[in-house]
Amino acid sequence: MGDTAAGLLQLLALLVALGVVWRPLGDWMARVYTAEGHWRGERLIYRLTGVDPDSDQRAGTYAVAVLAFSLLGIVLLYLVQRLQGVLGFDQGHGAVDPGVAFNTAISFVTNTNWQSYVPETTMGAVTQMIGLTVQNFVSAAVGMAVAVALVRGFVRSRAGGRIGNAWVDIVRGCTRILLPISVVVALVLLALGVVMSLHAGADVVGVDGRASTIALAPAASQEAIKELGTNGGGVFNANSAHPFENPNGATNWIEIFALLVIPVALTRTFGRMVGNQRQGVALLGVMATLWGAMLAIIWVAEAHASGPAAVAAGANLEGKEARFGVPSSALFANSTTATSTGAVNSMHDSYSAFGGGGTILNMLFSEMTPGGVGTGLYSILVVAIIAVFLAGLMVGRTPEYLGKKLGRREVTCAVVVVLAMPAVVLLGTGLAIALPSTGDALGNSGPHGLSEVLYAFASAANNNGSAFAGLTVTGPFFQTALGVAMLLGRFLPIVAVLALAGLLARQPRVPPSAGTLATDKPLFSVLVVGTIVLVAAITFLPALALSPIAEGLS
Amino acid sequence: MTVHPETLRPVGHGTERPPDHQEHVHAERAGRVGAGAFRPAQLLESLPEALRKLDPRVQVRNPVMFVVWVGSVVVTVSAIVSPSVFAWLIAIWLWFTVVFANLAEAVAEGRGRAQADALRRTRTDTTARRLTGDDSSGPLEEVPATTLRLDDRVVVEAGQTIPGDGEVVEGIATVDESAITGESAPVVRESGGDFSSVTGGTTVLSDRIVVRITAKPGESFVDRMIALVEGAQRQKTPNEIALTILLAALTIVFLLAVVTLQPMAIYSGGPQSLVVLVALLVCLIPTTIGALLSTIGIAGMDRLVQRNVLATSGRAVEAAGDVSTLLLDKTGTITYGNRRATALHPLHGVDTGELARQARLSSLADTTPEGRSVVTLCAELHGLPDEASADEAVAEFVPFSATTRMSGIDLDGESVRKGATSSVLAWVRGHGDDESARAQVEAIAQEISERGGTPLLVARRGADGPARAAGLVELSDVVKPGIAERFAELRTMGIRTVMITGDNPVTARAIAEQSGVDDVLAEATPEDKLALIRREQSGGRLVAMTGDGTNDAPALAQADVGVAMNSGTAAAKEAGNMVDLDSDPTKLIGVVEIGKQMLVTRGALTTFSVANDLAKYFAILPAMFLVIFPQLAALNVMHLATPESAILSAVVFNALVIVALIPLALRGVRFRPMGSDAMLRRNLLVYGLGGVVVPFVGIYLIDLVVRFIPGIG
């Protein structure tokens, strides 16, 4: 079987599997966030933390809870890293450098999982397990909580701005969704050969006769939540290109499936919660269209790369694992950049201009095709609001989405969400490229060097976390600037989304009529696709023209 | 002067002029205010005003155009410091962009001012004759109308102009309101009841009335309308504010994109000049919609005024587009005001022709519209003369009275009566006892009632014989032609119609079926109306209604769009947010369409404006970076001659497209009632796809010209 045929089969299997799981998982998640009762274990958590799980919070309270929880997470994660030498089980790594600890604490709490360090020589088992893994769960749960809060804003009528309970949403996201599924995925990965070990490493003697140590880690359990929570932070530096994290085609396929499944199924959850399945399908259509289109671009660009080495190999295989080849690498690269996961099974820096440009563009679409867990849903809902506002007037009514009027305040919130990412990316890239010190940090010169910087800020501001590599980001400027980019890219939209949710929950729900803009039909999906592409294009075309476009056309 | 009843136009409920006459009035009005179609000369006339608006204090109110203004200043300074043909041309065209935007607004305001002037002419410097004491026949003092205060009482007699808005507290008079409404037939205004309100500037034709002034000087109806159409008090509507925020946000994004482009350009080895960066910025920000946004709002109000509807705020016009429930009075809106004879039902053994003869005879002296309609029906169906002949004219007429509830004629010993079935049956019984027909009469009457009609019994008594019932005349509400189609159109637009009537539910349902309304509120009291509006609103729907009586005022105030009839009371006009000068309740539908059209125009031009950016990028980006990345020539799909010509062409296009779209902004995009899907598809195709394609063509064509300018091509 040829490479392409195998790739197409994988793709088909992936689509079928997602289609099968979409409905039960989506319905389950809708029940998780609407059920009245609490599990016994959850009650214990609420009692221990002193939370009243039955209080219905206003948007402001909800936002404070999310921000406080995240801030606490950053502080704790920073302390764990700095103190890992004292806490023990550090495999001899000692305290993490302050710059790295700062950047990493933000990175994991914001669900970015950008790694400016080499895990196997920096993070001990304690940091990995009680620090990074915990954040892998809770940062994903926070994303889902915010998305669900926004959906409640649409669902509730004259609810006085009450949008649920942040603590309950976060806890349930972990206990009822992320934990159970990641246990299953971890066991499957373990069975397929992913390493799970607390040993520091295995001593081996290489063919050249020199002794070396191969690092080991509790990878299988980490790997599951790394993909499922669209986190992406690997326990090994090589991430999913490492044979201990991702040993074969089967694990590769499962990892891709795991990172897509929750964002995709959340569209069903959304449709179910608003009481109209087709609303969710319309958004799923938007996600699928753009995901498919970008996959085609990256795949074709990688399969037909130019350059003597690539021509000799028949495809652009530089930076790709031979056991995956072009299709599995393209599929992984497209899915990881389209879901804000950031795990990689190949070096995106080595991609052709248009292939690498495709991964950048995925992020510049603002991570909603299908986007991160929760973040994808709330981002696409906000873009849907903008689309309704731009074109919805053309049906002769003031814009409304899902029965909620979009007035001055609602539009202001939506605009903040949509503006935050481009502002951070453009300002960050502009500032970085203007600094003389950046020249030394670049792995390449010319357009490709600009791509590296653009990629870094796009990845940070979108909480993706994948790296183009090539760019050296361990200097104080990048550690700080990217840390700030991750913070702003995460929490500016979250605050605005929650404010929006509160505003929507205050409104009555207008019943749809023949005169209202139908948002559950293909025409609306086309409109949203157009809006996403247009907004990304008009914002980033100048920057892209100087990087991947200039490089690709040469 | 005496009043001839037949020359009077009926007012209020039951008002209906033939449609052709109405159209005539509209045409006449459009001519009177002189603000019909857009004339290119208006651009030139408005130029001085457009230049006055270059004041930064005016510009700062519009964030998009303010950025262009600042950009123009920057480029002008830059062109002075390091002059070149290119820099100067860009500077000039950037200023043109600002001026064109001002021009659009100035033209719209100019049209409003023309209307205001027409209104102002009605407000002559009148002298008021104010009562000094409490006695309405007491001494009078002459004061200028402008000094009148609230609750002053003035006396107006035949030939005098009413000095201010008020209410007739004593007397009855005919009033010529043509100055306000354009309608030449006089109307009756009398104290008490729903027809007591008078408007300043109108003229009393007969009799003497005492008017209590209800508006402060400068705050009269006409004053407020003048201020509104002139745009002096124009406030941005909620949707306009929200759209402005979105446009400002887009402007910020582009500002960031352009500002951060410079360091990237320097890194790439091709730093850009200030002129080019400003040109790029101005081309990208949504100048088209930014320039035309306020124009669209002013023009929307303007279109209402052209239809003789005055809105008290732009917000009301916008709300009209969102209305999802229309409350329509049955009488005058759905049916002609008066019941008309529509059928004759002879009893067994009576010839239809004989019934027709009797029905006609009994109605000859009846000058009410119902009575006339019986004569007309007999003339149409049986060829009977529709005027009384000479010998018929000498007959003795028995007029209708509230006690007898019937009317008729006594001629050559023959008596014919027509009236309510019970009354006429009683008359028959009293003149010869013929109870045999009673059952049949009641059966037919019942049928007629079920159809929503009113039965009238006709009976005849010969010279000496007993009286006999001949048959029944069916009076029914006649649904206006075409109204069912209008309601179907409204349904496709997602608007529910509810018919309001004082009729009983049976009658109401019959009319509802004929006219195709969605729902009926029968035996409606003002409280019922208010409750219905609240119920609809609690479900999130916006409600529009018309009304004219004081008891309509609470409902008018509660409704999101309340159109008061100009013939109505001051209270009703105060409560509503629009006034229809023609007092034509059918116009409510048109008001909704104007509201929708205004919103569609806004959306269409926003989409067009944003979609334009794609082509502008294709023109400007290759031009900027061709020197450092020759491969970017592949993006120059329009084959523009030189980088300078490409950038200049984009800037020129950006400016000219504003002028090209001014007529569209004033007129509004073509609006046809259709479902939202069809409308969205059509408008997306025209303004979305059109917005992508048009600039490619436009910039290409402009480049063909500017490439011949020395220093550019």
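Predicted, not measured: the structure shown is a model, and the values here were computed from it. Here is the naming used below: chain letters follow the sequence lines, and residue numbers restart at 1 for every chain.
For chain A, no part of B/Val259 is nearby; none of its heavy atoms comes within less than 4.5 Å. Within the 4.5 angstrom heavy-atom criterion, only side-chain atoms of A/Leu527, from C-beta onward, approach chain B. In this structure, chain B has no heavy atom under 4.5 Å from any part of A/Arg409. Contacts of B/Ile289 with chain A are absent, with no heavy-atom separation under 4.5 Å from either backbone or side chain. Residue B/Leu680 touches chain A through both its backbone and its side chain, counting heavy-atom pairs closer than 4.5 Å. Contacts of A/Leu454 with chain B are absent, with no heavy-atom separation under 4.5 Å from either backbone or side chain. Heavy atoms of A/Ile538 lying under 4.5 Å from chain B belong to its backbone as well as its side chain. Of the atoms belonging to A/Leu435, not a single heavy atom falls under 4.5 Å from chain B. Contacts between B/Ser268 and chain A at a heavy-atom distance below 4.5 Å involve the side chain alone, from C-beta outward. The parts of B/Met264 that come within reach of chain A are both its backbone and its side chain, each placing non-hydrogen atoms under 4.5 angstrom from that chain. With a 4.5 Å cut-off on non-hydrogen atoms, B/Arg491 touches chain A through its backbone but not through its side chain. Within the 4.5 angstrom heavy-atom criterion, only side-chain atoms of A/Leu523, from C-beta onward, approach chain B. For chain A, no part of B/Glu536 is nearby; none of its heavy atoms comes within less than 4.5 Å.
Per-residue heavy-atom pair counts under 4.5 Å with chain A were compared for B/Ala265, B/Gly321, B/Pro263, and the maximum is reached by B/Pro263. Per-residue counts of heavy-atom pairs under 4.5 Å with chain B were compared for A/Arg158, A/Glu410, A/Glu400; the largest is that of A/Arg158. Of the listed residues (A/Leu541, A/Val415, A/Thr429), the greatest number of heavy-atom pairs within a distance under 4.5 Å of chain B belongs to A/Leu541.
A donor-acceptor pair shorter than 3.5 Å can be found between the side chains of B/Asn654 and B/Thr287.
Using a distance-only test at 3.5 Å, with no hydrogens or angles considered, no donor-acceptor pair links the side chain of B/Asp518 to the main chain of B/Val498. Between the side chain of B/Thr601 and the backbone N or O of B/Val669 there is at least one donor-acceptor pair closer than 3.5 Å.
Taking the side chain as every heavy atom from C-beta outward, A/Leu390 and B/Leu246 approach each other to under 4.5 Å.
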